[in-house]
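Below: the structure, in C-alpha coordinates.
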Amino acid sequence: MSPVLQFANAAILLIALTATSQQLRAEVPGEDPQELRDLTIIEHPNDLLPLDLTFRDDAGETVRLGDYFQGKNPVILSMNYSNCPMLCQVQLNGLVDGLDRVIWTAGQEYQVISVSIDPTETPEKALQTKEKYLDLYGRPESADGWHFLTGDQASIQKLADAIGFQFRYVPERNEYAHPALLTLCTPDGRISRYMYGVEFPPQTLRLSLVEASEGKIGTTTDRFLLFCFHYDPSTGAYGPVAMNIMKVGGATMLAALLMYLAPFWLASSWFRRRRQAKEARKANWPVEENVSVTTR
(Lines give C-alpha, C1' and ligand atoms only; values in the text may rest on other atoms or scores of the structure.)
Protein backbone atom coordinates (compact mmCIF):
# COMPACT_ATOMS: atom_id res chain seq x y z
CA MET A 1 0.00 0.00 0.00
CA SER A 2 1.35 3.42 -0.90
CA PRO A 3 2.43 5.65 2.00
CA VAL A 4 -0.26 8.22 1.15
CA LEU A 5 -3.01 5.58 1.13
CA GLN A 6 -1.69 4.00 4.31
CA PHE A 7 -1.70 7.39 6.00
CA ALA A 8 -5.24 8.11 4.77
CA ASN A 9 -6.51 4.74 5.96
CA ALA A 10 -4.76 5.08 9.28
CA ALA A 11 -6.17 8.57 9.74
CA ILE A 12 -9.74 7.47 8.93
CA LEU A 13 -9.47 4.46 11.18
CA LEU A 14 -7.93 6.46 14.03
CA ILE A 15 -10.60 9.15 13.82
CA ALA A 16 -13.37 6.58 13.69
CA LEU A 17 -11.97 4.54 16.55
CA THR A 18 -11.54 7.68 18.59
CA ALA A 19 -15.12 8.70 17.92
CA THR A 20 -16.36 5.21 18.65
CA SER A 21 -14.47 4.98 21.91
CA GLN A 22 -15.89 8.33 22.98
CA GLN A 23 -19.39 7.08 22.24
CA LEU A 24 -18.73 3.83 24.05
CA ARG A 25 -17.56 5.66 27.13
CA ALA A 26 -20.63 7.89 26.96
CA GLU A 27 -23.04 4.95 26.76
CA VAL A 28 -21.54 2.19 28.86
CA PRO A 29 -18.24 3.13 30.50
CA GLY A 30 -15.69 0.38 30.07
CA GLU A 31 -17.86 -1.87 27.95
CA ASP A 32 -18.82 -2.25 24.31
CA PRO A 33 -22.48 -1.62 23.51
CA GLN A 34 -24.57 -4.70 22.97
CA GLU A 35 -25.09 -3.81 19.30
CA LEU A 36 -21.40 -4.34 18.55
CA ARG A 37 -21.06 -7.69 20.27
CA ASP A 38 -21.15 -11.15 18.76
CA LEU A 39 -20.71 -10.04 15.17
CA THR A 40 -18.74 -12.72 13.44
CA ILE A 41 -18.39 -14.73 10.26
CA ILE A 42 -19.87 -18.21 10.00
CA GLU A 43 -18.00 -19.70 7.09
CA HIS A 44 -19.81 -21.78 4.47
CA PRO A 45 -17.01 -23.01 2.23
CA ASN A 46 -18.08 -24.44 -1.10
CA ASP A 47 -21.73 -23.47 -0.55
CA LEU A 48 -23.61 -22.16 -3.56
CA LEU A 49 -24.71 -18.53 -3.36
CA PRO A 50 -28.41 -17.73 -3.93
CA LEU A 51 -27.90 -16.71 -7.54
CA ASP A 52 -31.59 -15.95 -8.11
CA LEU A 53 -31.51 -12.94 -5.78
CA THR A 54 -32.21 -9.67 -7.56
CA PHE A 55 -30.59 -6.29 -6.95
CA ARG A 56 -30.25 -3.02 -8.81
CA ASP A 57 -26.94 -2.15 -10.40
CA ASP A 58 -25.33 1.29 -10.43
CA ALA A 59 -27.31 2.14 -13.62
CA GLY A 60 -30.61 1.39 -11.89
CA GLU A 61 -31.23 -1.80 -13.82
CA THR A 62 -32.60 -4.90 -12.11
CA VAL A 63 -30.02 -7.67 -12.19
CA ARG A 64 -29.73 -11.22 -10.90
CA LEU A 65 -26.75 -12.09 -8.76
CA GLY A 66 -26.22 -15.01 -11.12
CA ASP A 67 -25.66 -12.58 -14.01
CA TYR A 68 -22.13 -12.10 -12.72
CA PHE A 69 -21.37 -15.81 -12.49
CA GLN A 70 -21.11 -17.06 -16.04
CA GLY A 71 -18.88 -20.05 -15.36
CA LYS A 72 -15.76 -18.32 -16.68
CA ASN A 73 -14.16 -15.94 -14.17
CA PRO A 74 -13.92 -15.86 -10.36
CA VAL A 75 -15.71 -13.13 -8.41
CA ILE A 76 -14.58 -11.03 -5.45
CA LEU A 77 -17.69 -10.28 -3.38
CA SER A 78 -17.87 -7.77 -0.54
CA MET A 79 -20.71 -6.37 1.53
CA ASN A 80 -20.22 -2.69 2.28
CA TYR A 81 -22.24 0.49 2.10
CA SER A 82 -21.47 3.88 0.65
CA ASN A 83 -22.29 5.94 3.73
CA CYS A 84 -20.08 3.88 6.04
CA PRO A 85 -18.03 6.37 8.05
CA MET A 86 -14.89 4.27 8.33
CA LEU A 87 -14.46 0.55 7.82
CA CYS A 88 -15.84 0.19 4.28
CA GLN A 89 -13.63 3.01 3.03
CA VAL A 90 -10.55 1.51 4.62
CA GLN A 91 -11.39 -1.96 3.30
CA LEU A 92 -12.15 -0.85 -0.27
CA ASN A 93 -9.05 1.35 -0.33
CA GLY A 94 -7.02 -1.68 0.74
CA LEU A 95 -8.70 -3.82 -1.93
CA VAL A 96 -7.97 -1.29 -4.66
CA ASP A 97 -4.37 -1.02 -3.56
CA GLY A 98 -3.94 -4.81 -3.60
CA LEU A 99 -5.68 -5.26 -6.97
CA ASP A 100 -3.67 -2.43 -8.48
CA ARG A 101 -0.54 -4.54 -7.96
CA VAL A 102 -2.08 -7.65 -9.53
CA ILE A 103 -1.40 -7.99 -13.25
CA TRP A 104 -4.98 -9.05 -14.01
CA THR A 105 -7.76 -6.51 -14.46
CA ALA A 106 -11.29 -6.51 -13.11
CA GLY A 107 -13.69 -7.27 -15.93
CA GLN A 108 -11.15 -9.34 -17.84
CA GLU A 109 -9.83 -12.09 -15.59
CA TYR A 110 -12.24 -11.61 -12.66
CA GLN A 111 -15.28 -9.65 -11.47
CA VAL A 112 -15.75 -7.53 -8.35
CA ILE A 113 -19.17 -7.08 -6.72
CA SER A 114 -19.89 -4.82 -3.77
CA VAL A 115 -23.40 -5.21 -2.34
CA SER A 116 -24.67 -2.45 -0.06
CA ILE A 117 -25.95 -3.63 3.31
CA ASP A 118 -28.01 -0.44 3.62
CA PRO A 119 -31.40 -0.95 1.88
CA THR A 120 -31.98 2.82 1.77
CA GLU A 121 -29.03 3.45 -0.53
CA THR A 122 -29.87 4.22 -4.14
CA PRO A 123 -28.28 3.30 -7.49
CA GLU A 124 -27.24 6.94 -7.83
CA LYS A 125 -25.25 6.69 -4.62
CA ALA A 126 -23.81 3.36 -5.77
CA LEU A 127 -22.70 4.99 -9.03
CA GLN A 128 -20.92 7.75 -7.15
CA THR A 129 -19.11 5.15 -5.08
CA LYS A 130 -18.21 3.15 -8.18
CA GLU A 131 -16.77 6.20 -9.93
CA LYS A 132 -14.72 7.01 -6.84
CA TYR A 133 -13.08 3.60 -6.66
CA LEU A 134 -12.68 3.20 -10.43
CA ASP A 135 -10.82 6.51 -10.43
CA LEU A 136 -8.65 5.24 -7.59
CA TYR A 137 -8.10 1.92 -9.42
CA GLY A 138 -6.97 3.80 -12.53
CA ARG A 139 -8.06 1.20 -15.11
CA PRO A 140 -11.04 2.60 -17.07
CA GLU A 141 -11.41 -0.70 -18.93
CA SER A 142 -12.59 -2.30 -15.68
CA ALA A 143 -15.86 -0.27 -15.65
CA ASP A 144 -17.79 -3.37 -16.75
CA GLY A 145 -16.05 -5.57 -14.21
CA TRP A 146 -16.65 -3.75 -10.95
CA HIS A 147 -20.28 -3.57 -9.81
CA PHE A 148 -21.90 -1.74 -6.91
CA LEU A 149 -25.33 -3.18 -6.18
CA THR A 150 -28.22 -2.04 -4.00
CA GLY A 151 -31.28 -4.00 -2.95
CA ASP A 152 -34.09 -4.52 -0.51
CA GLN A 153 -33.64 -5.74 3.03
CA ALA A 154 -34.76 -9.30 2.25
CA SER A 155 -32.28 -9.82 -0.59
CA ILE A 156 -29.43 -8.27 1.39
CA GLN A 157 -30.15 -10.46 4.38
CA LYS A 158 -30.43 -13.65 2.30
CA LEU A 159 -27.07 -12.97 0.69
CA ALA A 160 -25.48 -12.14 4.04
CA ASP A 161 -26.86 -15.35 5.54
CA ALA A 162 -25.53 -17.40 2.63
CA ILE A 163 -22.08 -15.95 3.14
CA GLY A 164 -22.28 -16.10 6.93
CA PHE A 165 -21.76 -12.35 7.18
CA GLN A 166 -23.31 -10.87 10.32
CA PHE A 167 -24.09 -7.17 10.56
CA ARG A 168 -26.32 -4.96 12.64
CA TYR A 169 -27.84 -1.50 12.33
CA VAL A 170 -26.96 0.74 15.26
CA PRO A 171 -29.67 3.45 15.45
CA GLU A 172 -27.80 5.45 18.11
CA ARG A 173 -25.05 6.13 15.58
CA ASN A 174 -27.16 5.78 12.42
CA GLU A 175 -24.67 3.29 10.99
CA TYR A 176 -24.07 -0.40 10.56
CA ALA A 177 -21.73 -2.48 12.63
CA HIS A 178 -20.12 -5.17 10.50
CA PRO A 179 -16.86 -7.06 10.02
CA ALA A 180 -14.38 -6.50 7.18
CA LEU A 181 -14.62 -9.42 4.79
CA LEU A 182 -13.96 -10.37 1.19
CA THR A 183 -15.47 -13.54 -0.21
CA LEU A 184 -13.74 -15.17 -3.16
CA CYS A 185 -16.24 -17.08 -5.31
CA THR A 186 -15.87 -19.63 -8.05
CA PRO A 187 -17.12 -18.86 -11.58
CA ASP A 188 -20.24 -20.96 -10.95
CA GLY A 189 -21.13 -19.13 -7.72
CA ARG A 190 -19.69 -21.23 -4.91
CA ILE A 191 -17.73 -19.82 -1.96
CA SER A 192 -14.03 -20.52 -2.40
CA ARG A 193 -12.19 -18.40 0.18
CA TYR A 194 -12.78 -15.88 2.96
CA MET A 195 -10.31 -13.03 3.37
CA TYR A 196 -10.46 -10.91 6.48
CA GLY A 197 -9.13 -7.46 7.30
CA VAL A 198 -8.48 -4.25 5.43
CA GLU A 199 -5.18 -4.98 3.70
CA PHE A 200 -4.83 -7.52 0.91
CA PRO A 201 -1.30 -8.31 -0.29
CA PRO A 202 -1.19 -8.71 -4.08
CA GLN A 203 0.37 -12.18 -3.91
CA THR A 204 -2.42 -13.36 -1.61
CA LEU A 205 -5.07 -11.85 -3.89
CA ARG A 206 -3.45 -13.45 -6.94
CA LEU A 207 -3.30 -16.93 -5.42
CA SER A 208 -6.85 -16.57 -4.08
CA LEU A 209 -8.10 -15.67 -7.56
CA VAL A 210 -6.23 -18.60 -9.10
CA GLU A 211 -7.69 -20.92 -6.48
CA ALA A 212 -11.22 -19.55 -6.96
CA SER A 213 -10.93 -19.78 -10.74
CA GLU A 214 -10.27 -23.52 -10.44
CA GLY A 215 -7.40 -23.30 -12.88
CA LYS A 216 -9.16 -21.10 -15.43
CA ILE A 217 -6.66 -18.30 -14.83
CA GLY A 218 -3.07 -18.33 -13.62
CA THR A 219 0.17 -19.83 -14.75
CA THR A 220 1.77 -23.20 -14.07
CA THR A 221 3.90 -21.46 -11.45
CA ASP A 222 0.74 -20.20 -9.71
CA ARG A 223 -0.69 -23.72 -9.54
CA PHE A 224 2.64 -25.05 -8.30
CA LEU A 225 2.65 -22.41 -5.54
CA LEU A 226 -0.90 -23.37 -4.59
CA PHE A 227 0.24 -26.96 -4.16
CA CYS A 228 2.97 -25.92 -1.72
CA PHE A 229 1.19 -23.01 -0.02
CA HIS A 230 -2.27 -22.98 1.52
CA TYR A 231 -4.24 -20.04 2.86
CA ASP A 232 -3.97 -19.48 6.60
CA PRO A 233 -6.93 -17.41 7.93
CA SER A 234 -5.03 -16.62 11.13
CA THR A 235 -2.33 -14.77 9.19
CA GLY A 236 -4.38 -13.74 6.18
CA ALA A 237 -1.75 -15.12 3.83
CA TYR A 238 -0.64 -18.31 2.15
CA GLY A 239 1.78 -20.38 4.20
CA PRO A 240 3.93 -23.41 3.32
CA VAL A 241 2.49 -26.91 3.56
CA ALA A 242 5.28 -29.12 4.92
CA MET A 243 3.99 -32.42 3.55
CA ASN A 244 3.51 -31.08 0.02
CA ILE A 245 6.90 -29.38 0.07
CA MET A 246 8.45 -32.70 1.14
CA LYS A 247 6.67 -34.42 -1.76
CA VAL A 248 8.03 -31.84 -4.18
CA GLY A 249 11.50 -32.20 -2.64
CA GLY A 250 11.35 -36.00 -2.94
CA ALA A 251 10.20 -35.82 -6.56
CA THR A 252 12.97 -33.34 -7.35
CA MET A 253 15.61 -35.59 -5.76
CA LEU A 254 14.30 -38.59 -7.69
CA ALA A 255 14.39 -36.66 -10.96
CA ALA A 256 17.95 -35.49 -10.23
CA LEU A 257 19.08 -39.07 -9.50
CA LEU A 258 17.49 -40.31 -12.71
CA MET A 259 19.17 -37.55 -14.69
CA TYR A 260 22.53 -38.54 -13.14
CA LEU A 261 22.15 -42.33 -13.37
CA ALA A 262 20.44 -42.64 -16.75
CA PRO A 263 23.58 -41.80 -18.79
CA PHE A 264 25.59 -44.23 -16.66
CA TRP A 265 23.06 -47.03 -17.24
CA LEU A 266 22.90 -46.36 -20.97
CA ALA A 267 26.69 -46.29 -21.26
CA SER A 268 27.05 -49.52 -19.26
CA SER A 269 24.48 -51.24 -21.46
CA TRP A 270 26.20 -50.04 -24.60
CA PHE A 271 29.63 -51.27 -23.44
CA ARG A 272 28.17 -54.63 -22.35
CA ARG A 273 26.53 -55.27 -25.69
CA ARG A 274 29.67 -54.16 -27.48
CA ARG A 275 31.77 -56.59 -25.40
CA GLN A 276 29.31 -59.42 -26.07
CA ALA A 277 29.37 -58.70 -29.77
CA LYS A 278 33.16 -58.71 -29.76
CA GLU A 279 33.28 -62.04 -27.93
CA ALA A 280 30.67 -63.52 -30.29
CA ARG A 281 32.71 -62.60 -33.32
CA LYS A 282 35.72 -64.35 -31.83
CA ALA A 283 33.86 -67.58 -30.94
CA ASN A 284 31.10 -67.35 -33.54
CA TRP A 285 28.52 -67.41 -30.67
CA PRO A 286 24.90 -66.30 -31.10
CA VAL A 287 24.43 -62.72 -30.03
CA GLU A 288 21.58 -60.94 -28.15
CA GLU A 289 18.65 -59.70 -30.13
CA ASN A 290 19.02 -56.19 -31.53
CA VAL A 291 22.82 -56.43 -31.40
CA SER A 292 24.27 -55.96 -34.81
CA VAL A 293 27.29 -58.19 -35.42
CA THR A 294 29.20 -58.36 -38.63
CA THR A 295 31.23 -61.50 -39.16
CA ARG A 296 33.51 -62.30 -42.00
Side-chain angles (χ1 to χ4, degrees), residues 1-17 41 58 68 73-117 125-149 163 165 176 178-185 192-213 217-219 221-222 225-226 229 231-239:
M1 182 178 290
S2 67
V4 174
L5 203 53
Q6 284 183 337
F7 178 79
N9 281 345
I12 293 172
L13 190 58
L14 180 60
I15 292 171
L17 288 175
I41 301 295
D58 40 76
Y68 305 101
N73 292 328
V75 175
I76 300 175
L77 174 62
S78 70
M79 300 198 74
N80 307 103
Y81 68 111
S82 297
N83 291 322
C84 181
M86 61 161 183
L87 189 55
C88 296
Q89 298 178 53
V90 176
Q91 183 190 16
L92 291 177
N93 284 345
L95 175 60
V96 169
D97 183 72
L99 292 178
D100 188 45
R101 290 183 284 165
V102 174
I103 189 172
W104 303 318
T105 298
Q108 296 179 4
E109 287 83 9
Y110 62 91
Q111 300 280 322
V112 182
I113 303 173
S114 180
V115 178
S116 175
I117 59 176
K125 185 64 178 179
L127 179 59
Q128 293 175 10
T129 306
K130 175 177 180 175
E131 290 174 342
K132 169 186 172 183
Y133 286 104
L134 282 181
D135 184 60
L136 190 62
Y137 189 38
R139 303 188 195 186
E141 66 272 26
S142 66
D144 293 332
W146 198 318
H147 316 276
F148 286 81
L149 307 183
I163 296 173
F165 178 89
Y176 288 85
H178 62 91
L181 173 73
L182 293 181
T183 308
L184 276 292
C185 305
S192 171
R193 170 74 54 220
Y194 290 83
M195 296 181 67
Y196 301 89
V198 296
E199 290 190 350
F200 308 98
Q203 183 67 12
T204 300
L205 279 173
R206 181 188 176 99
L207 290 179
S208 297
L209 286 169
V210 173
E211 192 174 22
S213 77
I217 64 172
T219 64
T221 302
D222 293 325
L225 289 175
L226 278 176
F229 293 82
Y231 186 74
D232 182 356
S234 64
T235 61
Y238 283 80

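Since we're looking at a predicted model, the values are computed, not measured.
- With rounding to the nearest 0.5 angstrom, the OG1 atom of Thr129 is 9.5 Å from the CD atom of Gln89.
- Taken to the nearest 0.5 Å, the CD atom of Gln128 stands 8.0 Å off from the OG atom of Ser82.
- Under the 4.5 Å side-chain criterion, counting only non-hydrogen atoms from C-beta, Ser116 is not in contact with Phe148.
- Distance check, rounded to the nearest 0.5 Å: CD of Glu141 to CD of Gln108 gives 5.5 Å.
- Contact annotation: the side chain of Leu99 approaches that of Val112 to within less than 4.5 Å [non-hydrogen atoms, C-beta and beyond].
- Annotation: side chain of Phe200 is not in contact with side chain of Ile76 (no heavy-atom distance under 4.5 Å).
- When all heavy atoms of Pro202 and Gly98 are compared, the pair lying nearest together is CB-O, 3.8 Å.
- Taking Thr183 as the reference, Leu77, Ile163, Leu181, Cys185, Ile191, Tyr194 meet the side chain to side chain contact (heavy atoms under 4.5 Å, CB included) condition, with sequence neighbours excluded.
- If you take CG on Asn73 and CG on Leu209, they are separated by 9.5 Å, rounding to the nearest 0.5 Å.
- Counting heavy atoms from C-beta outward, Pro74 and Leu184 have side chains that stay 4.5 Å or more apart.
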Going through the distances and angles, do Thr105 and Tyr137 end up as a side chain to side chain contact (heavy atoms under 4.5 Å, CB included)?
-> CA-CA 10 Å; Thr105 298; Tyr137 189 38; 4.2 Å; yes
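- Rounding to the nearest 0.5 Å gives a distance of 11.0 Å between CG of Leu182 and OH of Tyr196.
- In this structure Gln203 satisfies the side chain to side chain contact (heavy atoms under 4.5 Å, CB included) test together with Arg206, Leu207, Leu225, sequence neighbours excluded.
- For the salt bridge (Lys or Arg N to Asp or Glu O under 4.0 Å) with Lys130, the lone residue among Asp144, Asp58, Asp135 that qualifies is Asp58.
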Under the side chain to side chain contact (heavy atoms under 4.5 Å, CB included) criterion, do Met79 and His178 qualify, and how do the steps go?
-> CA-CA 9 Å; Met79 300 198 74; His178 62 91; over 6 Å; no
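- For Thr204, the side chain to side chain contact (heavy atoms under 4.5 Å, CB included) partners two or more places apart in sequence, or in a different chain, are Met195, Pro201, Ser208, Tyr231, Ala237, Tyr238.
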